[in-house]
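See below for the structure under consideration.
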Protein chains: 2
Amino acid sequence: MNEAKIRATLKSKGLSYTRPRKEILHLLMTRHGPFSVDDILKSIPDGTCDQATVYRCISQFLEKSLIKEVRLGEDFSRYEFNNPDHHHHHVICKSCQKIDSIDNCFIAPFLNQIKNLGYTEIEHALEFFAICPKCQKA
Amino acid sequence: MNEAKIRATLKSKGLSYTRPRKEILHLLMTRHGPFSVDDILKSIPDGTCDQATVYRCISQFLEKSLIKEVRLGEDFSRYEFNNPDHHHHHVICKSCQKIDSIDNCFIAPFLNQIKNLGYTEIEHALEFFAICPKCQKA
DNA sequence: TTATTTATGCAAATGACTTGCAAAAATTGG
DNA sequence: CCAATTTTTGCAAGTCATTTGCATAAATAA
Ligand SMILES: [Mn+2]
Ligand SMILES: [Mn+2]
Ligand SMILES: [Zn+2]
Ligand SMILES: [Zn+2]
């Protein structure tokens, strides 16, 4: 992921190119999330970014739909890059907290039902909680 | 919902019958949720129950699986009575926050996929966010 | 470059939720 | 029922993720 790509992504959303935005978006565009604010802070060199700035960048990225919020039953939020071509869900291990992706979404039957109730602009949040193979042996 | 039923429910989980537990469980067993801690506090006469007590009762009810936690993208949790014969999900209106129930669950195809990955004890959280018919007109 | 707008860092505030502790209520064993 | 013991409650203070005010720094416009 080069600087030009990140710069272009920010520009396409009308956001100026600043060091914190570059660092945060770089993490989210190059590594597999979802990441907590703490993950993000620790990933930035020299700790040279304030947590207030991270929260403010996240809000802006969410408003612009650059990222999605993911809640996994923890007492904090996680965030991941929003790739419209890669709608997916997550399983988190109830024992070791390892997160896996579920790439197929079989939500259509629900959508039909909800559309029939007259709802529009339907979005969904779906997460799974289970015991992973490694934790079953231990 | 009579006192005897509530008393029996608490007893079946090894919980003693106290005024706060009675009041909170009564609300959860008789009215359609999910309820926030604030909803619960306001529903109790005379405001005669401390929020710390409500949180402690909720923790115990969750441990005993008497209730389920529901997260609807708000900055607080909601809770509803756990009726194993009535597994269901919710739609919350993104505009007026009205909550509707979705009584059919079509989650099986996901479960197959997750089982194939070696996971066991699989649980799921699924919520929908949409615009309700009333808000579409307004 | 200089002026103007926008973003950042720091510290303090917010708000949901938790915890310590003494008093009140519930349970236990006569 | 009572007196002793255990559990629960109310209140106040604490915790922790997230937000906000404000002065400075960085980015953009002229
Ligand atoms: Mn993901
Ligand atoms: Mn419900
Ligand atoms: Zn989906
Ligand atoms: Zn379901």
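Computed over heavy atoms, backbone and side chain alike; hydrogens, waters and symmetry mates excluded. So that the names make sense, note that chain A is the first sequence line, chain B the second, and so on, each numbered from 1.
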Counting heavy atoms from C-beta on, name the nucleotide in [options] closest to the side chain of [X].
{"X": "Pro20(A)", "options": "dG10(D), dC17(C), dT8(C)", "value": "dT8(C)"}
{"X": "Arg21(B)", "options": "dT9(D), dA26(C), dT8(C)", "value": "dT9(D)"}
{"X": "Ser16(B)", "options": "dA26(C), dA7(C), dC10(C)", "value": "dA26(C)"}

Whole Å only: how far is the [atom1] atom of [X] from the [atom2] atom of [N]?
{"X": "Asp39(B)", "N": "dA16(C)", "atom1": "CG", "atom2": "P", "result": "12 Å"}
{"X": "Phe35(A)", "N": "dA17(D)", "atom1": "CZ", "atom2": "C1'", "result": "19 Å"}
{"X": "Asp50(B)", "N": "dA16(C)", "atom1": "CG", "atom2": "C1'", "result": "14 Å"}
{"X": "Glu23(B)", "N": "dT9(D)", "atom1": "CD", "atom2": "P", "result": "12 Å"}
{"X": "Gln60(A)", "N": "dA7(C)", "atom1": "CD", "atom2": "C1'", "result": "8 Å"}
{"X": "Phe76(B)", "N": "dC16(D)", "atom1": "CZ", "atom2": "P", "result": "23 Å"}
{"X": "Gln51(B)", "N": "dA12(D)", "atom1": "CD", "atom2": "P", "result": "12 Å"}
{"X": "Tyr79(A)", "N": "dA17(D)", "atom1": "OH", "atom2": "P", "result": "12 Å"}

Quiz item: Between Lys13(B) and Glu63(B), does at least one N-O distance fall below 4.0 Å, as a salt bridge requires?
Solution: no
Quiz item: Within the modelled atom types, does a donor on one side and an acceptor on the other bring the side chain of Arg56(B) and the base of dG20(C) under 3.5 Å apart?
Solution: yes
Self-check item: Along DNA chain C (nearest heavy atom to each residue), the more 5'-positioned of Arg19(B) and Asp75(B)
Solution: Asp75(B)
Quiz item: Base, sugar-phosphate alone, or nothing: which one does Ser77(A) contact when heavy atoms must sit under 4.0 Å apart?
Solution: sugar-phosphate
Under 4.0 Å between a side-chain N/O of [X] and OP1 or OP2 of [N], yes or no?
{"X": "Tyr55(B)", "N": "dC17(C)", "result": "yes"}
{"X": "Thr53(B)", "N": "dG10(D)", "result": "yes"}
{"X": "Thr18(B)", "N": "dT7(D)", "result": "no"}

Would you say the side chains of [X] and [Y] form a donor-acceptor pair under 3.5 Å?
{"X": "His87(A)", "Y": "His124(A)", "value": "yes"}
{"X": "His90(A)", "Y": "Glu80(A)", "value": "yes"}
{"X": "Ser36(A)", "Y": "Asp39(A)", "value": "yes"}
{"X": "Arg21(B)", "Y": "Ser16(B)", "value": "yes"}

